[in-house]
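Data first, discussion second: the structure below is written as C-alpha cells.
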Amino acid sequence: KVPYTIHYSLPKSHSNGNRRSANLPESPQVIEDLSQWPSSSNQYRYKVEEPIVQVRIMAPMDYAGNVMDLIKRKRGTDMETKPINEETWLFSATMPWAEVVTDFHDDLKNTSAGYAS
C-alpha cells in the first residue's frame with residue numbers, strides 16, 4: 001500500500017473560517033486504502049500529496065543519456081549526476097513512489113543492457 005497525504009481546506013463559501021465547526025480534520029490525513037479516500041460529494045476542498053522517494057542509480061557512462069531519459073519519463077526531478085570513476089556515474093533524483101514500483105527496475109535494466117543498478 002502506498003500512503004497518500006490529504007490536506008483539507010475550507011470552501012470559500014464557509015463564512016466563519018472555523019475548521020472545528022465545519023467538521024474538518026485539524027491535521028493532514030494519511031490514506032493507505034482507497035476505501036478511505038474522500039468522496040467526490042464531499043463539500044470540502046482537499047489537496048493530495050503522493051509519496052516521494054530519493055533514488056540513486058549507478059550506471060556505466062555509456063548509458064548516461066538513457067538513464068537520464070528514464071528518470072525524466074518517470075517524473076523524476078532534482079536530478080544530479082556525479083562521476084564515481086572514469087567508467088561509472090551516480091545519478092540521484094527525486095521521484096514519485098508510484099513510478100518506482102511500476103516497472104522501474106525492469107525499465108532501468110532494459111535501458112542499460114543490464115548494467116545499471
Side-chain angles (χ1 to χ4, degrees):
K1 294 183 181 183
V2 177
Y4 288 82
T5 304
I6 310 288
H7 295 270
Y8 290 93
S9 61
L10 289 171
K12 293 180 181 181
S13 62
H14 201 277
S15 60
N16 68 1
N18 187 346
R19 295 176 70 87
R20 188 162 289 161
S21 69
N23 271 345
L24 260 180
E26 292 292 327
S27 60
Q29 289 185 316
V30 176
I31 305 295
E32 292 186 358
D33 194 332
L34 287 178
S35 66
Q36 300 170 329
W37 200 263
S39 72
S40 59
S41 64
N42 193 336
Q43 63 192 18
Y44 310 116
R45 299 174 68 181
Y46 55 88
K47 179 176 86 171
V48 178
E49 294 179 350
E50 64 182 327
I52 302 292
V53 294
Q54 292 291 120
V55 295
R56 294 188 322 190
I57 301 165
M58 290 176 51
M61 185 177 66
D62 296 342
Y63 299 102
N66 294 346
V67 172
M68 290 168 61
D69 286 342
L70 176 64
I71 291 170
K72 287 179 188 176
R73 277 197 325 265
K74 296 291 187 172
R75 299 188 292 151
T77 59
D78 304 327
M79 189 178 353
E80 295 179 7
T81 60
K82 183 169 61 170
I84 295 175
N85 58 35
E86 293 177 5
E87 301 163 358
T88 307
W89 281 15
L90 176 67
F91 302 88
S92 301
T94 302
M95 186 176 285
W97 177 241
E99 297 290 349
V100 174
V101 297
T102 53
D103 298 329
F104 183 75
H105 184 261
D106 292 339
D107 292 345
L108 178 63
K109 291 298 183 178
N110 287 336
T111 199
S112 67
Y115 288 108
S117 60

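The structure displayed is predicted, hence computed values, not measured ones.
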Worksheet item: Where the side chain of N85 meets the backbone of T88, is there a donor-acceptor pair that is under 3.5 Å apart?
Response: yes
Response to the item:
For A116 and S112 the tightest heavy-atom approach is N-OG, 3.0 Å
Worksheet item: When clusters are formed by joining ILVMFWY residues with side-chain heavy atoms under 4.5 Å apart, either directly or through shared neighbours, do M58 and V67 land in the same one?
Response: no
Fill in: Euclidean distance, R56 CZ relative to S117 OG, rounded to 0.5 Å
11.0 Å
Worksheet, complete the sentence: All heavy atoms of A113 vs all of Y63, minimum pair found to be CB-OH, 3.5 Å
Item to complete: Hey, could you give me the CD1/NE2 distance between I57 and H105, rounded to the nearest 0.5 Å?
Response: 10.0 Å
Worksheet item: What heavy-atom pair brings M95 and V100 nearest, and what distance separates the two atoms?
Response: SD-CG2, 3.6 Å
Worksheet item: To the nearest 0.5 Å, what is the distance between OG1 (T94) and CG (D78)?
Response: 4.5 Å
Worksheet item: Quick one: does N66's side chain have a donor or acceptor within less than 3.5 Å of a partner on T111's backbone?
Response: yes
Worksheet item: In terms of side-chain geometry, is the basic nitrogen of D107 or R73 positioned less than 4.0 Å from the acidic oxygen of its partner?
Response: no
Worksheet item: Rounded to the nearest 0.5 Å, what separation is found between the CG atom of D33 and the OH atom of Y4?
Response: 12.5 Å
Fill in: hydrophobic_cluster_shared for I31 and W97, side chain cutoff 4.5 Å
yes
Discussion item. Measuring only between side-chain heavy atoms, which start at C-beta, is P60 closer than 4.5 Å to E87?
Written reply: no
Discussion item. Nearest 0.5 Å, please: how far is CD in E99 from CZ in R75?
Written reply: 4.5 Å
Discussion item. Under 4.5 Å between side-chain heavy atoms, counting indirect links through other Ile/Leu/Val/Met/Phe/Trp/Tyr residues: same cluster for V48 and V30 or not?
Written reply: no
Worksheet entry | K82 side chain to W89 backbone, donor-acceptor under 3.5 Å | no
Response to the item:
Smallest heavy-atom separation, T5 atom then P28 atom, equals CG2-CB, 3.6 Å
Practice prompt. Answer whether the closest heavy-atom distance between the side chains of V55 and F91 falls below 4.5 Å.
Written response: no
Practice prompt. Using a cut-off of 6.0 Å, state whether more than 12 heavy atoms not belonging to K72 lie near its atom NZ.
Written response: no
Item to complete: Using the rule that two of Ile, Leu, Val, Met, Phe, Trp, Tyr join whenever any of their side-chain heavy atoms come within less than 4.5 Å, decide whether L108 and I84 are in one cluster.
Response: no
Item to complete: Group every Ile, Leu, Val, Met, Phe, Trp and Tyr by side-chain heavy-atom contacts under 4.5 Å, then state whether M79 and V53 land in the same group.
Response: yes
